[in-house]
Each structure stands twice: as structure tokens, then as C-alpha cells.
Amino acid sequence: MNQKNIIKEIKESVCYLTINRPKNLNALNKNTITELSSEIIDANQDVSIRCIVLTGSENKAFVAGADIKEFISFSKSEGEKLARKGQNELFDIVENSSKPIIAAINGFALGGGLELAMACHIRIASDNAKMGLPEVSLGVIPGYGGTQRLAQLVGKGKAMEMITTAIMISANEAKNWGLVNHVCSQEELIEISTKIAKSISKNSPMAVSKAIKCINSGYAFGTEGYEVEKKEFGNCFGTPDFIEGTTAFIEKRKPNFSNIE
Ligand code: CAA
């Protein structure tokens with residue numbers, strides 16, 4: 001398939017998918033979500049593929065979040081629809097892929113970018129990577145599953161701190177927090193991801209897919225949280241703080257938030 005924003009390469013049993021919008025730090029716009037989703041569905045149907053490695057193009061960003069420019073003038077209902085559609089169309093597909101997806105985090109993984117990495121099954125980061133959920137600094141909240149998956153990975157206390165402070169953490173801090181499995185240099189990132197992909201490929205695809213299903217089912221109690229997230233994400237849109245936060249980003253200045261809820 002000819003994709004505008006995704007580069008696909010299959011080598012032996014591994015499918016490499018690269019998100020390719022470097023001018024926008026690989027931010028997830030509508031097309032990229034649709035294209036990535038369709039590549040993952042295709043890879044799941046291709047019996048020659050045993051594992052997927054997902055990364056970002058060039059060396060600055062994995063994904064810097066959902067595309068702020070695309071949603072800046074959305075209404076509350078359009079905001080909720082963005083979260084609902086993104087989660088249904090991509091993030092749930094990634095998490096429930098029967099073939100393991102390794103996120104090779106090669107730079108900034110922020111907002112929707114970290115949410116995408118967290119939906120993957122394994123995360124490897126290069127030592128220049130920076131991770132965070134900075135949405136509250138824009139007057140919005142994570143809307144692609146971040147409030148749920150971050151707490152699952154690092155625990156409720158650390159998730160509360162990371163989301164409410166909007167801090168960015170380094171790759172080594174992310175490893176200490178349990179957010180990524182391994183840290184390496186940028187030059188080694190694909191090589192190490194491939195090594196893990198190949199060691200998965202030696203095992204039974206049937207058993208690997210059943211193991212993923214079982215591990216995920218242990219977290220299914222959180223489904224109500226995802227629903228609340230979609231609604232509250234939508235409720236942020238059009239508020240004075242949302243307008244101020246997103247406009248400040250575009251104007252490259254610090255936001256001046258009100259104290260109105
Ligand atoms: N959406 C759209 N465009 C983005 C973007 C995003 N998330 N992140 C970066 N870009 C664009 C910038 O606007 C800029 O474009 P122009 O050259 O046209 O101005 C280009 O990418 C390069 O970015 P910067 O000039 O900002 O690069 P920098 O090195 O100064 O800063 C950065 C890098 C710290 C990652 C900064 O770009 C940044 O803070 N990005 C936004 C991160 C963010 O807030 N992500 C959360 C988005 S909301 C979300 O994801 C909601 C959700 O859960 C569904």
C-alpha cells in the first residue's frame with residue numbers, strides 16, 4: 001500500500017514501521033493514524049511477519065503528540081470524537097495486536113506519542129529520548145489512553161505526578177520508573193529492537209499471541225477509565241484554558257492560565 005506518512009520495510013520476519021512527518025516532529029494527524037492502523041492490521045494478517053518495530057523518522061522525535069494544529073479549533077464533541085476514534089482506530093489495535101509491537105523510542109515521545117509507545121508491548125529508548133504527558137500545559141488532558149496506561153506501567157502515584165506536573169523525563173529516568181525496558185544509544189536502537197524481535201520470532205506465534213491476550217485481559221477492569229478519559233478530554237475543548245494553552249504553543253510563548261475550571 002502507498003502511504004504518505006508511514007514507511008514500511010519487511011526484513012526476514014520483522015516489519016519496521018516508521019512514522020514519517022519530521023517537519024512536525026512526527027505528530028499524529030488524522031491521516032497518520034489511519035495509515036498506521038491499516039499497516040498494523042495488514043502486518044497482523046501477513047503470516048511471514050512475527051514482530052513489528054515502530055519508530056519515528058530522523059533523530060529528534062519518536063512522536064511529539066497528537067497534531068495540535070489539527071485540533072486547535074475543535075468543539076467539545078469533536079474533541080471527544082478525536083479521542084474515541086483515535087483509541088478505537090489505532091491505540092486499541094496496537095495494544096491488542098496478536099504480533100508483538102516494539103516501540104523504538106528515538107527521541108521525544110510526548111502526549112499521544114508516549115501514549116502510542118505505552119500501547120505497544122515493549123519499549124526501548126535511545127539515550128536522547130525525552131518522555132512526558134504535557135497535555136495539562138496546553139489546557140487539555142491525555143486522550144489516547146495515557147491516564148490509564150501510564151498508571152498501569154508506573155503506578156498511580158508516579159502517573160499522578162507526571163501528568164499533573166507535565167514534566168518530561170529522560171530515558172534513564174523512564175527506565176528507573178519502569179516505563180521503558182531498555183536504554184541504548186541512538187545508533188544501537190534498531191539493532192537492539194531487532195535482536196528482541198528476532199528472539200520473539202523463534203517462539204510459537206500462536207502462544208505469543210495468546211500470552212499478549214492474557215496479559216492484556218488482566219487490565220481489562222480499567223475500561224471504564226478509558227471512557228471517562230474520552231469524555232473529559234472532549235470537555236476541555238473550547239474552554240478558556242484550552243484556547244490559551246494551544247494558542248500559546250502555536251505562538252511559541254508561555255501560557256497564562258485562568259483559575260476558572
Ligand atoms: N502538533 C503539531 N505540531 C507540532 C507538535 C504537535 N504535537 N509538536 C511539534 N510540532 C511542530 C512545531 O509546531 C514546529 O512546527 P513549525 O516549525 O511549523 O513551528 C515543529 O514541529 C518543530 O517543533 P518546535 O519548533 O517546537 O521544536 P523544539 O525543538 O523547539 O521543541 C518540543 C520540541 C519540546 C517537542 C515541542 O515541539 C513541543 O513541546 N511539542 C508539543 C508537545 C506536546 O504538547 N504534545 C502533546 C500534544 S496534545 C496530545 O497529544 C493530546 C492527546 O493525548 C490526544
Side-chain angles (χ1 to χ4, degrees), residues 5 19-34 36-37 56-74 76-92 94-95 105-119 125-126 128-151 159 162-171 225-239 241-255 257:
N5 299 323
I19 300 167
N20 187 33
R21 294 187 75 218
K23 285 199 180 100
N24 292 288
L25 303 187
N26 303 321
L28 295 175
N29 65 352
K30 199 166 157 259
N31 279 352
T32 309
I33 287 186
T34 306
L36 183 55
S37 170
S57 71
E58 299 194 355
N59 56 11
K60 188 168 172 181
F62 172 70
V63 170
D67 192 320
I68 299 165
K69 292 162 193 164
E70 197 175 65
F71 67 53
I72 194 161
S73 57
F74 275 14
K76 289 187 178 9
S77 67
E78 286 170 319
E80 185 180 329
K81 202 170 146 205
L82 179 81
R84 197 170 291 287
K85 197 165 179 296
Q87 291 199 29
N88 291 345
E89 198 181 313
L90 178 63
F91 291 74
D92 293 352
V94 170
E95 182 165 70
I105 307 171
N106 56 312
F108 287 114
L110 300 174
L114 181 58
E115 291 174 296
L116 181 61
M118 291 194 295
S126 56
N128 64 308
K130 292 251 169 9
M131 283 159 257
L133 293 178
E135 285 89 343
V136 297
S137 70
L138 292 166
V140 68
I141 61 167
Y144 286 151
T147 63
Q148 306 303 298
R149 290 193 184 97
L150 184 63
M162 200 160 155
I163 292 173
T164 58
T165 60
I167 48 160
M168 267 188 229
I169 60 171
S170 68
Y226 289 101
E227 194 51 34
V228 175
E229 183 189 277
K230 289 166 199 159
K231 290 216 155 68
E232 291 303 334
F233 179 79
N235 283 336
C236 297
F237 280 69
T239 59
D241 278 359
F242 176 86
I243 294 164
E244 171 59 12
T246 50
T247 307
F249 175 77
I250 301 293
E251 292 174 357
K252 301 187 189 288
R253 62 171 172 83
K254 284 203 177 347
F257 290 122

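The structure displayed is predicted, hence computed values, not measured ones. Just so you know, ligand 1 is whichever comes first in the structure, and atom 1 is the first atom listed for that ligand. Side chains are part of it too, since the values below use all heavy atoms of this structure and drop only hydrogens, waters and symmetry mates.
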Can you check atom 31 (O) of ligand 1: any protein non-hydrogen atom closer than 4.0 Å?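 Under 4.0 Å from atom 31 (O) of ligand 1, zero protein heavy atoms found.
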Check: Measuring to protein heavy atoms, does anything land under 4.0 Å from atom 27 (O) of ligand 1?
Finding: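 Within 4.0 Å of atom 27 (O) of ligand 1, protein heavy atoms are found.
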Using a strict threshold of under 4.0 Å (side-chain N to carboxylate O), is an ion pair present between Lys231 and Glu227?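 Salt bridge between Glu227 and Lys231, a charged N being under 4.0 Å from a carboxylate O: yes.
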**Asked** Are the charged groups of Glu251 and Arg253 less than 4.0 angstrom apart, N to O?
**Response**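 Judged by the 4.0 Å cut-off on N to carboxylate O distance, Glu251 and Arg253 do form a salt bridge.
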Give the single entry among Lys60, Lys130, Met168, Glu115 that approaches atom 53 (O) of ligand 1 most closely by any heavy atom.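 Answer by nearest heavy atom: Glu115.
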key: From the candidates Phe91, Phe249, Phe108, the one that places a heavy atom nearest atom 41 (C) of ligand 1   =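 It is Phe249 that holds the nearest heavy atom.
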Evaluate Leu138 for polar contact with ligand 1, using N/O atom pairs at a separation under 3.5 Å.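 Between Leu138 and ligand 1 (N or O atoms, distance only) the closest approach is not under 3.5 Å.
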Any atom of ligand 1 sitting under 4.0 Å from a heavy atom of [X]?
X: Lys23; answer: yes
X: Lys252; answer: yes
X: Gly146; answer: no

Output all residues satisfying side chain to side chain contact (heavy atoms under 4.5 Å, CB included) with Ala159, sequence neighbours left out; order by chain, then residue number.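 With sequence neighbours excluded, Ala159 shows a side chain to side chain contact (heavy atoms under 4.5 Å, CB included) to Leu150, Ala151, Val154, given in chain and number order.
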Can you list every salt bridge (charged side-chain N to carboxylate O under 4.0 Å, His left out) pair that touches residues 134-150, not counting sequence neighbours?
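Those involving residues 134-150 are Asp92-Arg149, Glu95-Arg149.
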